[in-house]
Amino acid sequence: MKFELELRIRPNASQSVCTAHEYLSQSLVDLPESWAVSNLPKAIEPKPGESEYFNLKKYTPKSLNGDLRYASRDTLRDHKSSDDYMVFEFSSDYPGVDVLDREFIESLILKLSPYYLYVGHSEFTFIDKEVRRKLNLRKDFCRFFPVTYFDDILCLNKFGIDSNRFFDKYSGRLEGVSIVNGGILYCSKQIITGIDESEAINSKVHNILAGE
């Protein structure tokens, strides 16, 4: 089975791509060995309307693929097209799965401050790819994956309440919810799941949020 770990970051217009890349590169080097990204080349400031892109396969442990993309700072908008994002692609037998737990996810969130992060089965994410392409992920998202994180702003946009109120309202009914870096992290007991198990988790969370 194939899986994805994706995170999205709101760029700061006052921070150049080169500066953001320098910080992120150092943070990725410090990850556990099976997830570390080493020897990334320096970034080049993209032209207006373009992006700076890295194929991470050359810089990650064997059998771990990934992409890293920075949006041009001159055209930032409140939309996913202006995100910086990173995605890892890996199989269920990848050695790094052994350290893919809540502690590891929390460390990623604290290091990189994403507004959105998920870990999920590749086919499960593909089911709603067409829907997601039409969404503004900064304001909405379709599914709860076995690991889903959204920051305080996305929580307010999606649910109409901030992270603290979300936690107070649902933590008693939604096992695996915690506040990390000011946002909401949902982490199920089993992170590596098949499509059916993933859909069961998604349905259960949405039913709880709907008050069912």
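Quick note: numbers below take in every heavy atom, side chains included, and nothing from hydrogens, waters or symmetry partners. Here the structure is a predicted model, which means the values were calculated and not measured.
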Asp101/Lys189 ion pair, N-O < 4.0 Å: no
N/O donor-acceptor pair under 3.5 Å between Arg102 side chain and Tyr186 backbone: no
Any Ser16 side-chain heavy atom under 4.5 Å of Arg73 side chain: no
Shortest non-hydrogen contact from Leu64 toward Ser34: CD2-O, 3.7 Å
Leu117 and Ile105, any side-chain heavy atoms less than 4.5 Å apart: yes
Main-chain N/O of Ala71 paired to Asp84 side chain as donor or acceptor, under 3.5 Å: yes
Check: Phe150 ring centre within less than 6.0 Å of Phe159 ring centre: yes
Member of His21, Glu50, Glu45 meeting the side-chain hydrogen bond (donor to acceptor under 3.5 Å, both in side chains) criterion with Tyr70: His21
Neighbour count >12 (heavy atoms, 6.0 Å) for atom CD1, Ile44: no
Non-hydrogen atoms of Phe166 and Cys155 that approach each other most closely: CB-SG, 3.8 Å
Test item: Ile191 and Phe145 side chains (from C-beta on) under 4.5 Å apart, heavy atoms: no
In one Ile/Leu/Val/Met/Phe/Trp/Tyr side-chain cluster, 4.5 Å: Phe3, Val97: yes
Asp67 side, atom CG; Tyr85 side, atom OH - distance, nearest 0.5 Å: 6.0 Å
Straight-line distance of Leu24 CG to Thr19 OG1, nearest 0.5 Å: 12.5 Å
Non-hydrogen side-chain atoms of Pro46 and Ser51 separated by less than 4.5 Å: no
Pairing of Glu123 and Lys2 as salt bridge, 4.0 angstrom limit: no
NZ/Lys111: more than 12 non-hydrogen atoms of other groups inside 6.0 Å: yes
Reported CG-to-CD distance for the pair Asp30 and Gln26, which is rounded to 0.5 angstrom: 5.0 Å
Over-ring placement of Arg10 relative to Tyr115, 6.0 Å and 45° cut-offs: yes
Heavy-atom closest pair, residues Pro146 and Gly120: CD-CA, 4.5 Å
Arg69 CZ to Asn55 CG distance, which is reported to the nearest 0.5 Å: 15.5 Å
Residues Lys42 and Glu22 bridged, charged N to O under 4.0 Å: no
Transitive ILVMFWY side-chain link Phe88 to Tyr53, under 4.5 Å: no
Same apolar cluster: Leu31 and Leu100, side chain cutoff 4.5 Å: yes
Verdict with supporting geometry, His121 and Thr193, side chain to side chain contact (heavy atoms under 4.5 Å, CB included): CA-CA 7 Å; His121 192 292; Thr193 61; 5.5 Å; no
Same cluster (ILVMFWY, side-chain, under 4.5 Å), Tyr23 and Trp35: no
Greater than 12 external heavy atoms within 6.0 Å of Gln15's CD: yes
Check: Arg143/Ser198 side-chain N/O donor and acceptor closer than 3.5 Å: no
Val180 backbone acceptor or donor facing Tyr149 side chain under 3.5 Å: yes
Glu106 side chain reached by Ser178 side chain, heavy atoms, under 4.5 Å: yes
Nearest-0.5 Å distance that lies between atom CG in Asp162 and atom CZ in Phe167: 13.0 Å
Ser163: which of Asp152, Asn181, Asp168 passes side-chain hydrogen bond (donor to acceptor under 3.5 Å, both in side chains): Asp152
Side chain proximity check, Val37 to Ser25, heavy atoms < 4.5 angstrom: no
Interatomic spacing from NZ in Lys169 to CG in Asn164 - rounded to 0.5 Å: 14.5 Å
Pairwise side-chain contact, Leu40 with Leu56, heavy-atom cut-off 4.5 Å (strictly under): yes
Aromatic Tyr116 / basic Arg8 pairing, under 6.0 angstrom, 45° off normal: no
Closest approach of Phe54 to Ala43 (non-hydrogen atoms, all atoms of both residues): CZ-CA, 3.9 Å
Verify same cluster id: Ile109, Val99 (apolar side-chain graph, 4.5 Å): yes
Flag, side chain of Gln190 to backbone of Ile192, donor-acceptor distance under 3.5 Å: yes
Short side-chain to backbone donor-acceptor contact, Asn207 and Ser203, under 3.5 Å: yes
Close side-chain approach of Asp83 to Ile9, heavy-atom, < 4.5 Å: no
More than 12 heavy atoms of other groups within 6.0 Å of Asn39 CG: no
